[in-house]
Amino acid sequence: MNLEFNQNEDLNKQAVSELKNRLKKVRLGGGPKASEKQKAKGKMLARERINYLLDADTPWLEIGATAAEGMYAEQGGCPAAGVVVGIGYVAGRQCVVVANDATVKAGAWFPMTAKKNLRAQEIAMENRLPIIYLVDSAGVYLPLQDEIFPDKEHFGRIFRNNARMSSEGIVQIAAIMGACVAGGAYLPIMSDEAMIVAGTGSVFLAGSYLVKSAIGESVDNETLGGATTHCEISGVTDYKHQDDQTCLDSIRNIMGMLGKPKDAGFDRIKPAAPKLNEQEIYGILPASREKPYDMREIILRLVDHSEFEEYKARYGQSIICGLARVDGWAVGFVANQRKVVKSAKGEMQFGGVIYSDAADKATRFIMNCNQKKIPLVFLQDVTGFMVGSRAEQGGIIKDGAKMVNAVANSVVPKITIVMGNSYGAGNYAMCGKAYDPRLIYAWPSAKIAVMGGGQAANTLLQIQKASLQAKGTEVGTNEEKALLRGITERYEEQTTPYYAAARLWVDGLIDPLDTRKVISMGIEAANQSPIEKPFNVGVIQT
């Protein structure tokens with residue numbers, strides 16, 4: 001019996017269980033009372049609409065399920081940011097689905113709602129995926145309008161993207177299944193096709209109360225912007241349906257007639273499961289983020305047949321690079337090695353740290369994958385680049401910059417999985433959110449921050465002590481301990497994967513056993529968007 005393996009397994013399974021419990025709570029939306037209120041109007045709930053729309057027995061990859069968790073407490077919270085988003089299959093076609101959840105503040109848009117919608121559109125645009133909007137929203141949440149209305153990445157960007165996607169031939173279908181008010185009215189009407197459900201759907205720039213206030217006209221919302229008005233008088237909407245089910249059936253019919261997408265040409269053969277037991281990942285991954293482990297053992301449990309063609313295996317060992325297949329797709333892995341290694345020069349290298357030779361190897365491997373048109377998968381468990389006089393004299397900044405350059409300019413699709421630590425510039429070099437991964441998901445074991453908690457807390461303590469001393473306040477030993485404890489607790493909270501997922505620094509949190517699904521669906525999506533830009537790293541330090 002391997003006691004450490006069993007302890008790791010127990011703790012990692014507990015973390016996955018906590019994740020599943022949180023997701024169950026999220027799926028309740030605004031709660032039973034709000035749900036019953038929607039059903040009393042003859043409406044399906046957001047997740048019911050999605051389940052009805054999607055093909056049976058096909059995978060669904062939710063995006064931002066825990067978005068806004070722990071945020072907007074003064075407003076009563078906003079589960080899943082009030083909108084359900086994901087990648088699924090409708091009439092055999094992979095697509096993005098966006099459904100407002102009217103049980104959460106009547107589907108009103110919070111700042112994180114806008115960010116999540118923009119992420120959905122970004123995924124559709126990058127991968128040329130059709131996007132389906134199931135609209136049921138009261139519009140902008142007015143108390144927070146200053147955080148959602150005027151800036152470049154705010155509410156208006158949604159409609160800009162509508163226009164850009166239409167011009168690029170990316171299919172957009174919108175169904176007005178509830179309220180659709182003010183600026184939000186442009187989203188469905190700027191889509192290629194808009195349908196509306198009679199009796200529950202309505203779309204107008206100003207509701208009856210605002211119309212009365214603005215121009216003195218008394219009119220009810222149905223006459224103002226209901227299905228009959230817009231399908232028979234104004235011509236604003238294209239299809240009128242009697243209920244949610246027939247509306248969703250209509251979307252399926254249309255999706256079933258779409259022409260085939262172009263093929264980017266990424267290689268795929270018949271999928272195969274790993275030979276090694278995937279469940280063993282729970283026991284291999286240490287419960288402590290400081291403990292070493294062999295990343296190869298994780299990779300072998302993620303790839304088909306557990307076969308991995310490693311690149312420069314004995315050089316730059318703190319990063320593992322190599323080719324494999326995941327669910328049949330050819331992929332190139334760039335992964336942080338977490339065990340201590342010894343170079344041929346006799347240098348001991350810490351696990352999770354990027355050294356010059358590793359950065360040099362990864363850069364060349366990334367360039368090779370671009371040359372061969374092989375998608376890249378980054379497995380992050382990185383504490384940063386090596387520091388100190390020896391590293392600086394060896395040109396670590398130059399080599400790190402070279403790797404960052406290759407990642408930034410890569411034209412093949414990139415998918416990132418944050419397994420453990422994701423600190424500082426290591427986050428950037430290993431394709432963090434700022435480097436445009438097509439998808440980025442995290443395991444419950446992830447930690448994302450500018451540096452590790454211990455170093456950060458002590459640095460922040462010194463800053464706070466200096467500030468107090470400058471004001472004439474001396475800090476005793478007990479006060480210093482209390483300050484450090486408070487700083488550490490705050491910092492640790494901000495490094496949790498839930499904190500990151502709430503702010504959409506990652507697309508979601510997953511059970512490690514769902515990693516193959518994320519990679520496969522991500523490459524399948526990217527395969528519908530042929531590469532048009534040539535790979536060019538520009539000027540790099542050599």
Side-chain angles (χ1 to χ4, degrees), residues 29-30 34 37-38 41 43 45-46 49 64 67-68 71-72 74-85 98-121 131-163 172 174-191 194-197 199-215 217 219-227 229-230 234 236-237 244:
K37 188 176 178 182
Q38 293 299 312
K41 297 176 182 178
K43 295 161 66 175
L45 303 180
R49 289 167 174 167
M71 301 172 69
Y72 310 122
E74 292 181 2
Q75 288 77 28
C78 188
V83 62
V84 184
V85 172
V98 179
N100 298 114
D101 187 349
T103 70
V104 179
K105 300 290 190 297
W109 288 58
F110 282 64
M112 284 305 302
T113 316
K115 187 171 183 178
K116 189 169 173 179
N117 274 269
L118 287 168
R119 178 59 178 149
Q121 290 183 321
I131 184 167
I132 299 167
Y133 307 101
L134 307 180
V135 183
D136 193 347
S137 172
V140 168
Y141 186 70
L142 286 176
L144 297 176
Q145 64 84 27
D146 61 317
E147 298 178 40
I148 186 175
F149 172 68
D151 211 347
K152 181 179 178 180
E153 297 298 328
H154 283 178
F155 194 58
R157 189 77 169 184
I158 303 286
F159 319 130
R160 175 265 190 193
N161 288 348
N162 285 141
Q172 301 174 84
I176 302 164
M177 309 180 83
C180 185
V181 184
Y186 288 105
L187 185 148
I189 309 311
M190 292 186 73
S191 299
M195 48 192 70
I196 188 168
V197 178
T200 55
S202 60
V203 54
F204 36 66
L205 293 181
S208 55
Y209 293 125
L210 184 54
V211 167
K212 176 69 173 176
S213 174
I215 63 172
E217 180 185 3
V219 60
D220 63 89
N221 283 338
E222 182 63 25
T223 303
L224 191 63
T229 295
H230 287 311
S234 72
V236 166
T237 51
D244 284 6

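Everything numeric here is computed off the predicted structure, so don't read it as measured data.
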- Message: Can you list everything that forms a side chain to side chain contact (heavy atoms under 4.5 Å, CB included) with A175? Sequence neighbours excluded, please.
- Response: L134, M177, M195, C247, I251
- Under 3.5 Å, is there a donor-acceptor pair between the side chain of K116 and the main chain of G82? no
- Item | Counterpart residues, side-chain hydrogen bond (donor to acceptor under 3.5 Å, both in side chains), relative to N117 (two or more places apart) | none
- Separation between NZ of K105 and CG of N100, rounded to the nearest 0.5 Å: 15.0 Å
- Rounded distance [0.5 Å steps], CZ in R49 versus CG in D244: 4.5 Å
- Excluding sequence neighbours, so at least two apart, what forms side-chain hydrogen bond (donor to acceptor under 3.5 Å, both in side chains) with K43? Q38, D136
- Item | From CA spacing to verdict: side-chain contact (heavy atoms from CB on, under 4.5 Å), I189, T237 | CA-CA 7 Å; I189 309 311; T237 51; 4.3 Å; yes
- Message: My understanding is that only residues two or more places apart in sequence, or in another chain, count here; which of them pass side-chain hydrogen bond (donor to acceptor under 3.5 Å, both in side chains) with T103?
- Response: D101
Sequence neighbours left out, cut at 3.5 Å: what donor-acceptor pairs do the side chains of residues 108-115 make with other protein atoms?
unit_1, atom_1, unit_2, atom_2, d
W109, NE1, S137, OG, 3.1
T113, OG1, A81, O, 2.7
T113, OG1, F110, N, 2.8
T113, OG1, F110, O, 3.4
K115, NZ, R503, O, 2.8

- Task: Go through the steps to decide whether V203 and H230 satisfy the test side-chain contact (heavy atoms from CB on, under 4.5 Å), and finish with yes or no.
- Result: CA-CA 8 Å; V203 54; H230 287 311; 3.2 Å; yes
- Query: Does anything in residues 140-152 pair up under salt bridge (charged side-chain N to carboxylate O under 4.0 Å, His left out), and if so which pairs, sequence neighbours excluded?
  - Reply: none
- Query: For L144 and Q75, what are the C-alpha separation, side-chain angles and deciding distance, and is it a side-chain contact (heavy atoms from CB on, under 4.5 Å)?
  - Reply: CA-CA 10 Å; L144 297 176; Q75 288 77 28; 4.2 Å; yes
- Which is it for V140 and F149 under the side-chain contact (heavy atoms from CB on, under 4.5 Å) test, yes or no, and what are the steps along the way? CA-CA 8 Å; V140 168; F149 172 68; 5.7 Å; no
- Task: Look up atom NE2 in H154 and atom CD in Q145, then write down how far apart they are to the nearest 0.5 Å.
- Result: 10.0 Å
